[in-house]
Amino acid sequence: MAPPLPMPTPLLANLNPEQLEAVTLPHGSALVLAGAGSGKTRVLTTRIAWLLATGQASPLSVLAVTFTNKAAREMLLRLSTLTPMSVRGMWIGTFHGLCNRMLRAHHRDANLPQLFGILDTADQLSLIKRMYKAHNLDDDRFPPKQLGWFIASAKDAGLRPSAVEAGDEFARRQVEHYALYEAMCQREGVVDFAELLLRSYELLAGNEPIRKHYQRRFSHLLVDEFQDTNVLQYRWLQMLAGTDAAVFAVGDDDQSIYAFRGANAANMQHFERDFGSPTRPVRLIKLEQNYRSHGHILDAANALIRHNRSRLGKELWTSEGKGEPVRAFAAPSDLDEAAFVVDAVKGLTDEGIPLSEVALLYRSNAQSRVLEHALFNAGLPYRVYGGMRFFERAEVKHALAYLRLVASPDDEGAFLRVVNFPPRGIGARSLEQLQDVARGRGTTLWQAACSGAVGGKAGSSLAAFVGVIEKLRSETLALTLPEAVAHVIEGSGLLAHFRAEKDGEDRVDNLEELVNAAQGFVREAEIASDAPMLTDRVDADLPAPTDGQDEGATDPLAAFLAHAALEAGETQEAEGKPALQLMTVHSAKGLEFHTVFVTGLEEGLFPHENSLNEADGPEEERRLMYVALTRARRKLYLTHAQTRMLHGQTRYHVASRFFDEIPRELVQWLSPQRKRFGSIDVDESEWGAIRAAPQATAAAPSWRVGQNVRHAKFGTGVIVDAEGRGSDARVQVNFRESGLKWLALEYAKLDPA
DNA sequence: CAGCGTGCACTTTTT
DNA sequence: GTGCACGCTG
């Protein structure tokens, strides 16, 4: 195949040599190691546009997959400015969105009802609780959350219950619960997030005509944030790629921060083995030129990440100047830290830096409180990311539950959510009766309710509820989606209920907003891109994948419900007002700001204490820190506090090891000078030293974090953390043999080693 | 059946 | 410190 000549169009203008190489690679697979701020989205979208412009691909043959809806939208938007061709027909979306699309088209082959519902995490949790109740499983050894996590992990690894290895009794029980859960989902016609992936994978793996169809269709697969793929997503890609499709994967192993939810950065190491073949050689390209940050910031980030051992290797550079030094501040307490931040932010405002260009980052959400408090008192506007989202609000969930019942009445989660909301006299008693009937007859709650098997007052209340749903269904049949949504929130009594409630205005507003959301959804579907499900048809060349029935356009209501589950909506209304941005480091990934404050840089917090036991924990924490540093364009502040209220208790922390991993000459300390002890920075003040009995005896040894110690029973180790003072003082020691232990200094016999 | 009180837990999170 | 979950009482 003769590679077409690159086009002399503006498409390729202003690309650096590496970007240009990546964009114009001849047919084959490519792994693009794209550092932070190296223009990876640009490369990805320009690659697609180039493939289209040179006729190597048609829109129909392109599949591009991302992790978040935001990234998918961004890709679509940029692509539409880069190519005159219609983006219609391309499969661009999240893994979950694309799998949903595939499963809707082949629901029979996937053994799902046409209008299958999608459970979000909260729905999944409540299903597990119902399952425990129904089977009288009230064992505290299996908390619902933990089982949910277990099931999701198993599915993410591609494992059905029969394939999970259960070594002990405990694991065996968990697998049994997993199997029960699956049966229950299947009976109710619902799938959870992980199931979308697994079902889609199994559909491809087990159905040759369908697999061949998609393999023939998609000659180009493009993957964003490849380092975040889990085992199942990787195998899904392999299945789709077959032996011929060109896979263009963009990722950064140094920004892999989602191992805790199954992301497997090792996928990058296997790429060459698994996506190469004689017809598609594998190329590796590194994008190391950074267009975001000034030199000192990059130097700091490079130095930090060099402390990780498992890396593919990459070093960011910039053609810009060194810029300002990284600034650091040691605060006596979390309150002082917040006060420092407030002061510094005021200074930035005076310099004319917009508040929306300043981010306050922290390791865990609990840390936002103190910062918010200080900002509020200072009258600085701010916005906190990561709270309740639109489609997760209770009143919206209720409205969606009515819609779900209208679409598929056997959805028991939806049934139980609204059967007595607004209250209609169907209490726990009546429901128990109903559940007994359903169980006895092997039917769903809905069928039992329809049968009239529950008599008396409860029976007539249930009949009334069934009547409401039936009425809503028949009345919305001929309506457009937004009309139907409006009708359901009205006819269900939800609107009246919240109007009557004293502080119900916000909820009423949200219900009305749901109608707008439906309107917006339909509008987007009409102009093509984001909601392809409405127009998606099984391609004509697919050899009889189903029993011959027309699988045409999916029901708009089902599509909207899928949209609500797959895209939870913005955290808050994006108010136009300029505001400081507060978020965890995780949610800052992919963003950039003029100025970044990384707060709470303390041993135990960041790196988080829980991570120290985990296999790849410390390195993942360091990658997280790397992500934090590389968010900053011009100014970077690193702060830590020596005392902090945590879980309602005052805790004492030493500065994070990450301070030591950034060369001193890059850092300007704004707080009094510090001294170094061992490998850990410790302040000279009284905070740094931990004494078992201060001033009690001259001989009382003093301990420092980072110090090597010996214990009669546990052997040798190193102090990694400390808390409490005087007779309460405790240190955490990482013992070579026995791992992490907290020891009370008053009792434990510790010797310097 | 709803309202309130006590008790526990609590890293990170998208879909 | 706060939110959530469960259980008791009116």
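Lettering of chains follows the sequences in order, A, B, ..., and the numbering in each one begins at 1.
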- Does any donor atom in the side chain of A:Asn510 or A:Glu395 lie under 3.5 Å from an acceptor atom in the other side chain? yes
Those residues at least two apart in sequence (or on a different chain) that pass ring-ring contact (aromatic ring centres under 6.0 Å, His included) with A:Phe95 are A:Phe67, A:Trp236
TODO: Determine yes or no for a side-chain-to-main-chain donor-acceptor pair under 3.5 angstrom, with A:Arg631 supplying the side chain and A:Leu591 the backbone.
DONE: yes
Practice problem: Look at the side chain of A:Asn377 and the backbone N and O of A:Ala374, then say whether any donor-acceptor pair between them is shorter than 3.5 Å. | Solution: no
Measure all distances between protein nitrogen or oxygen atoms and nitrogen or oxygen atoms of nucleotides 4-9 of chain B, and list the pairs falling under 3.5 Å.
none

Those residues at least two apart in sequence (or on a different chain) that pass side-chain contact (heavy atoms from CB on, under 4.5 Å) with A:Pro422 are A:Tyr402, A:Arg424, A:Leu494, A:His497
- Do A:Gln642 and A:Tyr652 have side-chain N/O donor and acceptor atoms under 3.5 Å apart? no
Quick check: does any side chain N or O of A:Asn308 sit under 3.5 Å from a backbone N or O of A:Ile305, one acting as donor and the other as acceptor?
no
For A:His586, the side-chain contact (heavy atoms from CB on, under 4.5 Å) test, sequence neighbours excluded, returns A:Ile257, A:Tyr258, A:Phe260, A:Arg363, A:Thr584, A:Leu624
- Item | Within 6.0 Å of NE2 in A:His135, more than 12 heavy atoms from elsewhere | yes
Can you tell me how far P in B:dT13 sits from the matching atom in C:dC4, rounded to whole Å? 16 Å
Got a donor-acceptor contact below 3.5 angstrom from the A:Gln124 side chain to the A:Asp192 backbone?
-> no
Enumerate the protein-to-nucleotides 2-9 of chain C contacts in which both atoms are nitrogen or oxygen and the separation is below 3.5 Å.
none

Expected rows: protein N/O vs nucleotides 10-15 of chain B N/O, under 3.5 Å:
from, atom 1, to, atom 2, distance (Å)
B:dT11, O4', A:His608, NE2, 3.1
B:dT11, O2, A:Arg363, NH1, 3.1
B:dT11, O2, A:Arg363, NH2, 2.3
B:dT11, O4, A:Glu614, OE2, 2.7
B:dT12, OP1, A:Asn365, N, 2.7
B:dT12, OP1, A:Asn365, ND2, 3.3
B:dT12, O4', A:Arg363, NH1, 2.9
B:dT12, O2, A:Arg363, NH2, 3.0
B:dT13, OP1, A:Thr584, OG1, 2.5
B:dT13, OP2, A:Asn365, ND2, 3.2
B:dT14, O4', A:Arg261, NH1, 3.4
B:dT15, OP1, A:Asn69, N, 2.7
B:dT15, OP1, A:Asn69, ND2, 3.2
B:dT15, O2, A:His96, NE2, 3.4
B:dT15, O4, A:Thr121, OG1, 2.8

Expressed as a whole number of Å, how far does the C1' atom of C:dG3 sit from that of B:dT14? 23 Å
